[in-house]
Amino acid sequence: MLMRARPGSNADEAAGLQALIDRTMHRFIERFGHKPQWGAAAPGRVNLIGDHTDYNQGFALPLAIDRYTVVVASPARPAITTLIAADLNEETRVDLRQALLPQPGSFGAYVLGVVQQYIARGAAVPNLNLMIAGDLPRGAGLASSASLEVAVATMLAQIAEMPLSPHEKALLCQRAEHEFARVPCGIMDMYVVSLARSGHAMLIDCRVNEHEHVPLPPRQEASLLVIDSGIHRSLAAGAYQALRRSCESASAKLGVDSLREAAIEHVEAAALATEEQASARHVIAENSRVLNAAEALRVNDLPALGQAMFASHESLRDRLHVSVPELNIVVEAARRVGQPGGVWGARMTGAGFGGCAIVLGRPDAMDDIRAEISAAFERRFSRQPLMFTTTAVSGAQLLASVEPDPSGVLPF
Ligand code: GLA
């Protein structure tokens with residue numbers, strides 16, 4: 001062990017992250033022949049409720065999950081930055097002293113986009129040897145891009161000696177994603193990946209970028225199951241952008257700054273196109289579902305939280321049309337199990353167009369719930385979805401060197 005994670009609240013989580021850090025270190029040493037000097041890790045996220053609300057200045061209730069991206073680096077000699085994504089077997093070489101150009105569609109976009117933001121703020125970023133690895137399914141709607149960006153931003157703050165608050169880091173990463181990956185995402189993913197608290201969901205008010213940590217029930221009382229539909233689509237593809245545009249044109253016609261300000265009576269009476277009507281109705285109802293869900297969590301009313309989750313799924317499916325049959329099958333299977341079988345709620349999570357669903361249920365019922373979902377999925381699609389239970393962890397962290405190695409420290 002050459003670098004270690006912050007001691008976690010749970011031994012299994014900490015062991016999982018440490019194994020990933022060790023793997024990343026080994027790949028780094030194998031490739032570059034010396035030890036890395038810096039490292040950081042950032043989690044992925046699931047959203048309990050509140051999708052397609054963040055870019056409408058609304059509310060969301062995500063949590064950071066115990067699946068991570070780890071980045072480690074050292075100064076490079078010769079003066080070329082080499083970025084390696086260990087799990088993708090991809091490599092990018094670039095000189096950070098030259099102007100950096102957007103690279104939509106490549107993993108390098110997320111790293112260089114963040115580097116570019118630091119440089120734009122006057123930071124001196126040396127050329128680097130940099131290795132990335134993760135155990136977060138990529139492109140599965142679990143914020144793998146935000147996780148990579150925030151991990152890189154956390155490490156660069158140390159390298160460039162430019163400490164940023166977790167808030168500033170989240171905003172910097174959002175800009176990086178807009179400008180370098182050309183994805184017009186909202187703030188939710190970077191925000192929770194950066195600021196989450198272990199054992200808590202995070203109620204984010206995306207109008208003012210403020211949050212409240214809302215405690216989740218202890219793990220012996222409730223489990224969260226993540227089901228990956230196996231359908232992976234990039235947000236850079238047009239559907240997310242089209243939806244965002246329809247929300248913007250709806251607010252323009254309603255004469256409000258964002259759909260957060262729109263009232264339902266106003267929407268019903270307005271001459272909006274069909275998609276604009278649907279987007280506005282979704283956002284207004286989803287915002288109030290998020291607030292109800294947060295209140296349900298505060299008073300540990302899991303049936304009420306579950307009802308809000310089911311209703312959210314229906315709205316995303318029927319109004320926004322961002323769900324896919326794979327996710328609907330999962331949610332229907334969970335609904336069939338219902339409260340008597342240990343399910344409180346289920347929904348697709350994140351942007352949709354594929355990606356993951358989540359089920360909130362009783363821990364002792366998880367085996368039966370998985371079996372029901374597996375069987376339903378198998379019947380319809382002749383394959384099994386990837387499933388795992390997850391817990392709420394803290395946001396990004398720097399990795400501490402446990403064996404300071406002066407020989408691994410090269411002059412810039
Ligand atoms: C993606 C975006 C987020 C958010 C969700 C939908 O994850 O990155 O900003 O818009 O979709 O809620």
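Because the structure is predicted, anything quoted here is derived from the model rather than measured. Both ligands and their constituent atoms are indexed starting at 1 by order of listing.
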> With a cut-off of 4.0 Å, which atoms of ligand 1 are near a heavy atom of Y55?
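It comes down to these atoms of ligand 1: 10 (O).
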> Enumerate the atoms of ligand 1 whose separation from the nearest heavy atom of H52 is less than 4.0 angstrom.
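So the answer, numbered in order with elements, is 6 (C), 12 (O).
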> Check each atom of ligand 1 against the heavy atoms of G186 and keep those under 4.0 Å away; list them by number with element.
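Near G186, the atoms of ligand 1 are 9 (O).
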> Report the residues that fulfil side chain to side chain contact (heavy atoms under 4.5 Å, CB included) with R175, sequence neighbours left out, ordered by chain and then residue number.
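Checked R175 against side chain to side chain contact (heavy atoms under 4.5 Å, CB included); matches are Q117, E179.
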> Give yes or no for whether the N/O distance cutoff of 3.5 Å, strictly under, is met between R45 and ligand 1.
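Yes - when backbone and side-chain N and O of R45 are compared with those of ligand 1, one distance drops under 3.5 Å.
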> Salt bridge or not between R298 and E295? Use side-chain N to carboxylate O under 4.0 Å.
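Counted as a salt bridge, because a side-chain N and a carboxylate O are separated by less than 4.0 Å.
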> For H178, does the NE2 atom sit with more than 12 other heavy atoms under 6.0 Å from it, leaving out its own atoms?
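More than 12 within 6.0 Å, yes.
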> Does an N or O from G350, backbone or side chain, lie closer than 3.5 Å to an N or O of ligand 1?
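In this structure, G350 places no N or O atom under 3.5 Å from an N or O of ligand 1.
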> List every atom of ligand 1 that sits less than 4.0 Å from any heavy atom of M188, numbering the atoms from 1 in the order shown and giving each element.
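Taking each heavy atom of M188 in turn, ligand 1 has 4 (C), 5 (C), 12 (O) under 4.0 Å.
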> Heavy-atom distances under 4.0 Å decide this one: backbone, side chain, both or neither, for D51 against ligand 1?
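Both parts.
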> Does N328 reach the side chain of H313, with side-chain heavy atoms less than 4.5 Å apart?
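Yes, side chains in contact.
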> With side chain to side chain donor-acceptor pair (under 3.5 Å) as the rule and sequence neighbours excluded, what pairs involving residues 336-349 come up?
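Non-adjacent pairs meeting side chain to side chain donor-acceptor pair (under 3.5 Å): D51-R347, S312-R347, R336-E372.
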> For ligand 1, which is the ligand I care about here, please tell me if N47 has any N or O atom under 3.5 Å from one of the ligand's N or O atoms.
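No, no N or O pair falls under 3.5 Å.
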> Just checking Q220: does its CD atom have more than 12 heavy atoms from other residues, nucleotides or ligands closer to it than 6.0 angstrom?
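Counting other residues, nucleotides and ligands, CD of Q220 exceeds 12 neighbours.
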